[in-house]
Amino acid sequence: MSSRKGNLHVYNTLSGKKEIFEPINEGLVGLYVCGPTVYSNVHLGNCRSFISFDVVARYLRFIDYKVRYVRNITDVGHLVDDADQGEDKISKKARLEQLEPMEIVQEYTIDFHKVLEQFNNIPPNIEPTATGHIIEQIELVQRIIENGFAYETNGSVYFDVEKYNETHPYGELSGRKIEDLISNTRELDGQSEKHAPLDFALWKNASDEHLMKWPSPWGLGFPGWHVECSAMSTKYLGEQFDIHGGGMDLKFPHHECEIAQGTSASGLSPVKYWLHGNMLTLDGKKMSKSTGNSILPEELFSGDNTFMEKAFDPMVVRFFMMQAHYRSTLDFTSEALVAAEKGYNKLMEALSLLEKLEVSSESSLDVNELINSFYTAMDDDFNAPILVAHLFDAVKFINSINDKKATISKEDLFSLKAAMFGFVNIVLGIKNVESGSDNKLSPVMDLVLDLRQEARANKDWGTSDKIRNGLAAAGIVVKDSKEGSSWK
RNA sequence: GGUCUCUUGGCCGAGUGGCUAGGCAGUGGUCUGCAAAACCAUCUACGGCGGUUCGAAUCCGCCAGAGACCUCCA
């Protein structure tokens, strides 16, 4: 499997094209993904991003890389819009609810973990918090000042963008030119402290009413908007690491600033491959909490929402997301979810059928070629939708074998089982939702189906159909085949 | 206003110069006591106009529409 490593190509936002993936240290991958700000429940759009990068981490490991996956928890609020007078988002909510800021942080961190677990995401190896790395952030700011790329004003420290731009291209990630940025700058609070409107805060002086603040060489304050990711990625992955992921909406200014901070601190561009996931849309518009155009995972799983006509299992939602490429927007509609649910069930059916197939001396299809297509799909910038398409090729093949219209050899069945399990469960992270087949129900069902079978043998269709319809009403589907009846 | 991206069949969604994407839905058939499932076959495409090319959904230009970023946001 390790021979697969050289084939992976990833789309690097920095270069604007697909590049062959070659880690800085052979066999090892440093992966950093921007985590959530824990001042409210994560919505589905946030989840998509974390699920996308979960698949990235999973596939890298699947092809035998040792991955250190770091994803931060932003528990220091970032500045909000002008109306909030630069007030910290987390402390604002804390005062509104008469709670300690860390109480809020705790509540939503737990929620975040719970939701991602429902989506079957694998936790990152390190999940550092911003408040736990204030010292590292201060040290980073100091280094940037020492290198001449930042200055202090009234207890706040700002990054000197124009100075940086003299030697490094500010805007290289998001494809912006500094002249355009300057001409488009809006008047924002605190601008009078800056030498130039484009400069951004590395450290902010805290007002008296500010709840979250720490001592620093520049007085009491709190870290600026972008330093935490730079400080923590450097600490755990080094001054230069392989992959940095995040949503498209973080490209500018957040990731642009991270590049500027990292480069001005160490002299090295911090990230080799920048990967950006696209937005989840609802009614064709970006899912966003602030516009009310969002849905919480819980609401989706319970069906308690105004957008969807029914409830959907987390695994169905995850499968739905896998049918779209991570760099494309994905529109969330009830109709599309229903379709995905059916496709998901079909895939799961085939997977369990794999355990019962009869083998032949030869295979009527090139199984190695089929399995190879799974790898090829994922090697092409984690193209999960293509992988899913090939998985359905396999589904068709499996069903045909079951119908005695195709054959598979013992060796090929072994390989196919391993590959299907590997790509569906391990790579895509999709597991089978157990449907009522618990210990107590099972013998009861055996008895019921046995009775029905007797009725059918007597051509007592009335009784037979009554049983089937009754079970259907209870959500249990009975399927008859030549070998007997089964249920789920 | 600036920068960028997108527009694929009933729905979702891949593909980026010639070769079936796939899922769901539809239609016809096989199987079945009838269903369901499955299998086989089949239908509905590349926003509009022009250009490059032997050939374009795919490259170029213009037009229309949508979206993202420019401000915390995955």
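Order of the sequence lines sets the chain letters (A, B, ...), proteins ahead of strands, with each chain counted from 1. Everything quoted here is computed from the prediction, not taken from an experiment.
When the C1' atom is compared between B:rC70 and B:rG13, the two are found 30 Å apart, to the nearest whole Å. Rounded to the nearest Å, the gap between the P atom of B:rU44 and that of B:rU71 is 48 Å. Between the C1' atoms of B:rA68 and B:rA35, the separation comes to 49 Å (whole Å). B:rG9 sits 12 Å from B:rG26 when the C1' atoms are compared, rounded to a whole Å. Annotation: B:rG22 and B:rC43 have their P atoms spaced 13 Å apart (nearest Å). Across B:rA36 and B:rA45, the matching C1' atoms stand 32 Å from one another, rounded to whole Å. B:rA64 and B:rC49 have their C1' atoms separated by 10 Å, with the value rounded to a whole Å. The gap from the P atom of B:rC24 to that of B:rC40 amounts to 13 Å, rounded to the nearest Å.
Side chain A:D393 to base B:rG22: no donor-acceptor pair is found below 3.5 Å. In this model, no side-chain donor or acceptor of A:R468 finds a partner on the base of B:rA36 within 3.5 Å.
When the side-chain nitrogen and oxygen atoms of A:K289 are compared with OP1 and OP2 of B:rC72, none of them lie within a distance under 4.0 Å. For A:N383 and B:rA21, the shortest distance from a side-chain N or O to OP1 or OP2 is not below 4.0 Å. When the side-chain nitrogen and oxygen atoms of A:K342 are compared with OP1 and OP2 of B:rA25, one or more of them lie within a distance under 4.0 Å. Within the 4.0 Å cut-off from OP1 or OP2 of B:rC24, at least one side-chain nitrogen or oxygen of A:K346 is found.
Nucleic acid contact class of A:N278 (heavy atoms, under 4.0 Å, all strands): base. Residue A:V478 is in base contact, counting any heavy-atom pair closer than 4.0 Å across all strands shown. No contact: A:G245 has no heavy atom under 4.0 Å from any strand. Residue-level contact check: A:G277 touches neither bases nor backbone, having no heavy atom under 4.0 Å from any strand. Within the nucleic acid shown, A:Y344 has no heavy atom closer than 4.0 Å to any nucleic acid atom. Nucleic acid contact for A:R176: base, since at least one base atom lies under 4.0 Å from a heavy atom of the residue. At the heavy-atom level, A:K396 lies under 4.0 Å from the strands shown only through sugar-phosphate atoms. Looking at heavy-atom distances under 4.0 Å, A:H276 makes no contact with the nucleic acid at all.
The distance between atom CG of A:L280 and atom C1' of B:rG13, rounded to the nearest whole Å, is 14 Å. Here B:rA66 presents its P atom at 9 Å from NZ of A:K285, a figure rounded to the nearest Å. If you measure from atom CH2 of A:W461 to atom C1' of B:rA35, you get 12 Å, rounded to the nearest angstrom. Rounded to an integer number of Å, the gap from A:E335 CD to B:rG26 P is 11 Å. Atom NZ in A:K404 sits roughly 20 Å away from atom P in B:rA37 (whole-Å rounding). Between the C1' atom of B:rC70 and the NE2 atom of A:H255 lies a distance of 16 Å, rounded to the nearest Å. As a whole-Å value, the separation of A:F222 CZ from B:rC72 P is 12 Å. The distance from atom CE of A:M287 to atom P of B:rC72 is 22 Å, rounded to the nearest whole Å.
Across all strands shown, B:rG33 forms no Watson-Crick or G-U wobble pair with both key distances under 3.5 Å. In this structure, B:rG47 and B:rC63 make a Watson-Crick or G-U wobble pair, each of the two defining distances being under 3.5 angstrom. Partner assigned to B:rU3 is B:rA68, using Watson-Crick or G-U wobble distances below 3.5 angstrom. Base pairing of B:rC24: its partner is B:rG10, meeting the Watson-Crick or G-U wobble criterion (both donor-acceptor distances under 3.5 Å). Base pairing analysis places B:rU53 opposite nothing; no Watson-Crick or G-U wobble pair with both distances below 3.5 Å involves it. For B:rU16, there is no paired base (Watson-Crick or G-U wobble, both distances below 3.5 Å).
When the nucleotides B:rG23, B:rA74, B:rA35 are ranked by their closest atom to the side chain of A:Q323, B:rG23 comes out on top. Distance from the side chain of A:R456 is smallest for B:rG33 among the nucleotides B:rA14, B:rC40, B:rG33. Among the nucleotides B:rC34, B:rC73, B:rG13, the one closest to any side-chain atom of A:D331 is B:rG13. For A:A336, the side-chain atoms get nearest to B:rC12 when compared with the rest of B:rC12, B:rC70, B:rA74. Among B:rA37, B:rA74, B:rC69, the nucleotide with an atom closest to any side-chain atom of A:K286 is B:rC69. When each of B:rA74, B:rG23, B:rA14 is scored by its nearest atom to the side-chain atoms of A:M279, the top-ranked nucleotide is B:rA74. Distances from the side chain of A:D180 to the nucleotides B:rG33, B:rU3, B:rA74 place B:rU3 closest. Proximity note for A:N399 (side chain, C-beta onward) versus B:rG23, B:rC72, B:rA38: the nearest is B:rA38. The A:I386 side chain lies nearest to B:rA14 when the options are B:rA14, B:rC69, B:rA74. Distances were taken from every side-chain heavy atom of A:D403 (C-beta onward) to each of B:rA35, B:rC39, B:rC69; the shortest belongs to B:rC39.
Toward the 5′ end of RNA chain B lies the nearest nucleotide of A:S174, the other residue of the pair A:S174 and A:S328 mapping further downstream. Each of A:Y39 and A:L330 lies near RNA chain B, and the nucleotide nearest A:L330 is the one positioned closer to the 5' end.
Listed for the A:N125 side chain is no donor-acceptor partner under 3.5 Å among the backbone atoms of A:V70.
Between the OG atom of A:S464 and the CG atom of A:D480 there is a distance of 6.5 Å, given to the nearest 0.5 Å.
Under the 6.0 Å cut-off for aromatic ring centres, A:H276 and A:H255 qualify, their centroids lying closer than that. For A:F53 and A:H244, the distance between ring centers is not under 6.0 angstrom.
Every residue two or more places apart in sequence or in another chain that forms a ring pair (Phe, Tyr, Trp, His ring centres under 6.0 Å) with A:F332 is listed here: A:F320.
For the ring pair (Phe, Tyr, Trp, His ring centres under 6.0 Å) criterion with A:F119, the lone passing option out of A:F319, A:F50, A:F312, A:F301 is A:F301.
With centres under 5.5 Å and a plane angle under 30° as the test, the ring of A:F50 is not stacked against the base of B:rA74.
Scanning all heavy atoms of the two residues, the minimum distance from A:S52 to A:Y326 falls at OG-CB, 3.7 Å. The minimum heavy-atom distance between A:E228 and A:I73, with the atom names listed, is OE1-O, 4.1 Å.
Classification of the A:H226-A:F200 ring pair by plane angle, with boundaries at 30° and 60°, yields perpendicular.
In summary, A:K310 and A:E341 engage in a salt bridge, as defined by a charged side-chain N under 4.0 Å from a carboxylate O.
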